[in-house]
S.K.: 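Would you mind keeping the following structure in view while I ask a few things?
Being a predicted model, the structure only gives us computed values, none of them experimental. Chain letters run A, B, ... following the sequence lines, proteins first, then strands; residues in each count from 1.
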Amino acid sequence: MLPKEKRLRDTRDFKRVYSKGSFFSGRLLSINILENRLQISRVGVVITKKISKKAVGRNKLKRKTREAVHALYDSLPTGYDIIVNIKKEAESASVADFQKELAGLFGKVGTNEKNSFKSNKDIPENDLA
RNA sequence: UUAGUUAGUUGGACGAUUGCUCCUUCGGGAGAGGAAAGUCCGGGCACCUCAGAUAAGGAUAGUUGCGAAAGGCAACCAGCCGAAAGGCUCGGGAAAGUGCCACAGAAACAAUACCGCUUCUUAUGAAGUAAGGGUGAAAAGAGUGAGGUAAGAGCUCACAGUACUUAUCGGCGACGAUAAGUAGAGGUAAACCCUAUCCGGUGCAAAACAGGUGGGUUGCUUUGUUUGGAAGAUAUGCUUUCUUUGAGGGUAAGCUCUCGAAAAAAGUUCCUUCAAUGUAAAUCUGGCAUGAACAAAGUAAUCCUGUUGCAUAGAUAGAUGAUCGUCCUUGACAGAACCCGGCUUACAGACUAACUAAGCAU
RNA sequence: GGCGUCGUGGCCGAGUAGCUAGGCAGCGGUCUGCAAAACCGCGUACCCGGGUGCAAAUCCCGGCGACGCCU
């Protein structure tokens, strides 16, 4: 779990990222990303009722995803708002699976936005274990 | 020991590392459930628009007690299920009225009775009959035996049974037991309905406060114009609102009521008749408020943002987690969102107690 | 979080307690050199569990699922 200021918390921020940000999709997760003008990056995690009817199941997936985000946070560049969407295929995934998936997605972002998102190659290999 | 019934407990444990929310005296402390669920009832609280009546609509339905109330709980009564322990029941009224009872059947609550039985007869039928047959979920709906008859029938009698009324006894009561009398024309009210009791609506996304705000709409205030009557002269008074504080209550709790004191702000005569407008919702009554119409200006709401609404967990994109190690029986259903009391539904496995039945041993 | 509506074949959709209409799609046949169209025929359903009642898609209770509104 990230501390409060590193989370994406406002409905207007979510709307802005969804409408203006870039979208990247993987097998378990998909992300929307947009530059903000702050000194830090902020991350929000989203899961819909379609994936699991029960609140316990949704909470569990959300917590695993957050843990993966927390492990990778130091390797992210600053100044971005990121929304992570959990897909139905992620129902039985572990924290390590989410971490691998996220690293791959951030790599995709780096190749598509070459000039601004450079630090994706800094993700060390042993963090993916 | 086996099978079962009822009530209850538990719902992986320990250690290490690393995170999150709130509080803090900065040392630290607290951090999901029995159902947090479904949103099915009831209450607090908030707003709508001052009180009452009626209608409509809705809910409930054995008795007594508990409870703030409840489609609530407990015990008991009646009926049904079970061999028993025990379990289940929207359990008032069909003698207020209306409707419905498909198909089959002669007939579905209404009689001119289909086959049958008996008598008469012009041999076609007429009268009697409700035992027997047939149809159907249900057929004048009281069974068995005897008498009786042209044939039959509660037509009569005996025994058994049902319903209602009365009396006595037992019980606070629902009701039960006994005796006497009366009666013999179905079912359905989870069909309309009747009786009794209860219910205003909307839900914290209610709502309150602060700041911002282009237009439209609505309300309020001020000014101007037109249009009832009479009297009178103003402050240690009276009315309303808000704040602080004291005393005494009510409530399960949240919360709330009454009285007093201090301080502040706003307002200010009286009357009659008629009419209008407003006073939530279908109608009505009472009370209350405003004189009315038009024009202009100002202001408020509607909109945006924030805070409060808040609690011995208290978030607001929503915390209570992740990883590793050891052990065992390998861990069910499942995640608070304004608060409280219930109901209903979901729940692997393990354990405890009481009781019932059968078998075995003493 | 709160409030409300609805579940009938593969799809759409009617249905006063008494045999679940109709259309589209599918399958078989007739027709044709082969298809299409037309005609004839066939199969497949009342979301689940309990209750009332002679009888339940319908009435009552409890679940499950889908959808809409409030922001």
S.K.: Once rounded to the nearest 0.5 Å, what's the spacing between atom CG of A:Asp81 and atom OG of A:Ser41?
M.R.: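 A:Asp81 CG to A:Ser41 OG: 7.5 Å, rounded to 0.5 Å.
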S.K.: If you measure from the C1' atom in C:G51 to the same atom in C:C39, how many Å do you get, rounded?
M.R.: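 That atom pair is separated by 50 Å.
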S.K.: Just how far, in rounded Å, is C1' of B:U316 from CZ of A:Phe14?
M.R.: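 After rounding, the reported distance stands at 12 Å.
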S.K.: Examine B:U21: is either OP1 or OP2 under 4.0 Å from a nitrogen or oxygen in the side chain of A:Arg7? Give yes or no.
M.R.: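 For B:U21, OP1 or OP2 has a side-chain N or O of A:Arg7 closer than 4.0 Å.
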S.K.: Give me the distance, rounded to whole Å, that separates B:C88 from C:U52 when you measure between the C1' atoms they each carry.
M.R.: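 Comparing C1' positions in B:C88 and C:U52 gives a spacing of 15 Å.
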S.K.: Does any nucleotide pair with C:C3 by Watson-Crick or G-U wobble geometry, both distances under 3.5 Å, and what is it?
M.R.: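 Pairing partner: C:G68.
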S.K.: Write down the partner of B:A61 under the Watson-Crick or G-U wobble criteria, each distance required to be under 3.5 Å.
M.R.: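 Its partner is B:U195 (Watson-Crick or G-U wobble, both distances under 3.5 Å).
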S.K.: By the rule that syn is within 90° of 0, classify the base conformation of B:G34 as syn or anti.
M.R.: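 Nucleotide B:G34 adopts syn.
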S.K.: Counting neighbours of CD on A:Glu5 that are heavy atoms of other residues, nucleotides or ligands and sit closer than 6.0 Å, is the number greater than 12?
M.R.: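 Enclosed.
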S.K.: What is the distance, rounded to the nearest whole Å, between atom OH of A:Tyr73 and atom C1' of B:G321?
M.R.: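 Whole-Å distance recorded here is 19 Å.
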S.K.: Syn or anti for B:U234, please, going by whether the chi angle lies within 90° of 0.
M.R.: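 Here the answer is syn: the torsion falls within 90° of 0.
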S.K.: Does a side-chain N or O from A:Arg66 land closer than 4.0 Å to OP1 or OP2 of B:G318, or not?
M.R.: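 Affirmative; the distance criterion is met.
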S.K.: Rounding to an integer number of angstrom, what distance separates C:G29 and C:G9 when you compare their P atoms?
M.R.: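 About 29 Å, rounded to a whole number of Å.
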S.K.: How long is the span from the CD1 atom in A:Ile83 to the CZ atom in A:Phe14, to the nearest 0.5 Å?
M.R.: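 With rounding to 0.5 Å, CD1 (A:Ile83) is 5.0 Å from CZ (A:Phe14).
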S.K.: Report the distance from atom NZ of A:Lys54 to atom P of B:A334, rounded to the nearest whole Å.
M.R.: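 Those two atoms, NZ and P, are 3 Å apart.
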S.K.: To the nearest Å, give me how far apart NZ (A:Lys60) and C1' (B:A32) are.
M.R.: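 In whole Å, B:A32 C1' and A:Lys60 NZ are 15 Å from each other.
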S.K.: Can you tell me the pairing partner of B:G246 across any strand shown, Watson-Crick or G-U wobble, with both distances under 3.5 angstrom?
M.R.: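 The answer is B:C259, by the H-bond criterion.
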S.K.: Considering every strand shown, what is the Watson-Crick or G-U wobble mate of B:G216 when both distances are under 3.5 Å?
M.R.: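 Partner of B:G216: B:U302.
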S.K.: Is any side-chain heavy atom of A:Leu76 closer than 4.5 Å to one of A:Ile82?
M.R.: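 Contact flag for A:Ile82/A:Leu76 side chains = yes.
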S.K.: Both distances under 3.5 Å, Watson-Crick or G-U wobble: report the partner of B:A160, or none.
M.R.: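 With both distances under 3.5 Å required, B:A160 matches none.
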S.K.: Quick one: A:Arg63 CZ to B:A319 P, roughly how many Å, whole number?
M.R.: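 For the pair A:Arg63 CZ and B:A319 P, the rounded distance is 7 Å.
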S.K.: Taking only the C1' atom of each, what is the distance from B:G342 to B:A51 in whole angstrom?
M.R.: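 It comes out at 34 Å once rounded to the nearest Å.
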S.K.: Taking the P atom of each, how far is C:G18 from B:U182, in whole Å?
M.R.: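 Rounded to whole Å, the distance is 48 Å.
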S.K.: For B:A46, what is the paired nucleotide under Watson-Crick or G-U wobble rules, both distances under 3.5 Å?
M.R.: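 In the structure as shown, B:A46 has B:U202 as its Watson-Crick or wobble partner.
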S.K.: How close or far is atom P of B:G19 from atom CD of A:Gln99, stated in whole angstroms?
M.R.: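 From A:Gln99 CD to B:G19 P: 15 Å.
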S.K.: Does B:G154 count as syn, meaning its glycosidic angle lies within 90° of 0, or as anti?
M.R.: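 This nucleotide is in syn.
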S.K.: Could you tell me how far B:A336 sits from B:G34 if I compare only their C1' atoms? Round to whole Å.
M.R.: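 These two C1' atoms come out 14 Å apart once rounded.
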S.K.: Any chance you could measure A:Ile86, atom CD1, to A:Leu28, atom CG, to the nearest 0.5 Å?
M.R.: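 If I round to the nearest 0.5 Å, the distance is 10.0 Å.
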S.K.: Could you check whether A:Val46 gets within reach of a base, just the sugar-phosphate, or nothing at all, counting any heavy atom under 4.0 Å?
M.R.: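 If one applies the 4.0 Å heavy-atom cut-off, A:Val46 turns out to touch a base.
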S.K.: Could you work out the separation of B:G249 and B:U279 based on their C1' atoms and round it to a whole Å?
M.R.: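 About 34 Å, rounded to a whole number of Å.
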S.K.: Pairing check on B:U39: which nucleotide meets the Watson-Crick or G-U wobble criteria with it, both distances under 3.5 Å?
M.R.: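 Base partner found: none.
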S.K.: Just how far is it from atom CG of A:Leu72 to atom CD of A:Gln99, taken to the nearest 0.5 Å?
M.R.: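 The CG atom of A:Leu72 sits 5.0 Å away from the CD atom of A:Gln99.
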S.K.: Could you state the atom-to-atom distance from CD1 of A:Ile47 to C1' of B:G318 in whole Å?
M.R.: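 The answer, rounded to whole Å, is 14 Å.
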S.K.: Whole Å only: how far is the CG atom of A:Asn59 from the C1' atom of B:U320?
M.R.: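 In whole Å, B:U320 C1' and A:Asn59 CG are 11 Å from each other.
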S.K.: Where does B:G27 land, syn or anti, once you apply the within-90°-of-0 test for syn?
M.R.: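 Because its glycosidic torsion lies within 90° of 0, B:G27 adopts the syn conformation.
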S.K.: If the glycosidic angle is within 90 degrees of 0 it's syn, otherwise anti, so just tell me which one B:A127 is.
M.R.: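 Here B:A127 takes the anti form, which means its glycosidic angle is more than 90° from 0.
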S.K.: Scan A:Lys60, A:Arg66, A:Lys64 and name whichever one has a side chain to side chain contact (heavy atoms under 4.5 Å, CB included) with A:Lys62.
M.R.: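 With A:Lys62 as partner, A:Lys60, A:Arg66, A:Lys64 yield a single side chain to side chain contact (heavy atoms under 4.5 Å, CB included), made by A:Arg66.
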S.K.: As a test of reading the structure: which of B:A336, B:G321, B:C20 is closest to the side chain of A:Pro3, going by heavy atoms?
M.R.: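 Between B:A336, B:G321, B:C20, the one nearest the side chain of A:Pro3 would be B:C20.
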S.K.: Does A:Val95 or A:Gly57 map to a spot on RNA chain B nearer the 5' end, using the closest nucleotide for each?
M.R.: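 Checking each residue's closest nucleotide, the 5'-ward one belongs to A:Val95.
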S.K.: Do A:Leu61 and A:Phe98 touch side chain to side chain, with heavy atoms closer than 4.5 Å?
M.R.: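 Side-chain contact under 4.5 Å: yes.
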S.K.: Should B:G15 form a Watson-Crick or G-U wobble pair with both distances under 3.5 Å, which nucleotide is its partner?
M.R.: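 Across all strands, the one nucleotide that pairs with B:G15 is B:C324.
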S.K.: Quote, to the nearest angstrom, the P distance that separates B:C193 from B:U283.
M.R.: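 One P to the other, the span is 24 Å.
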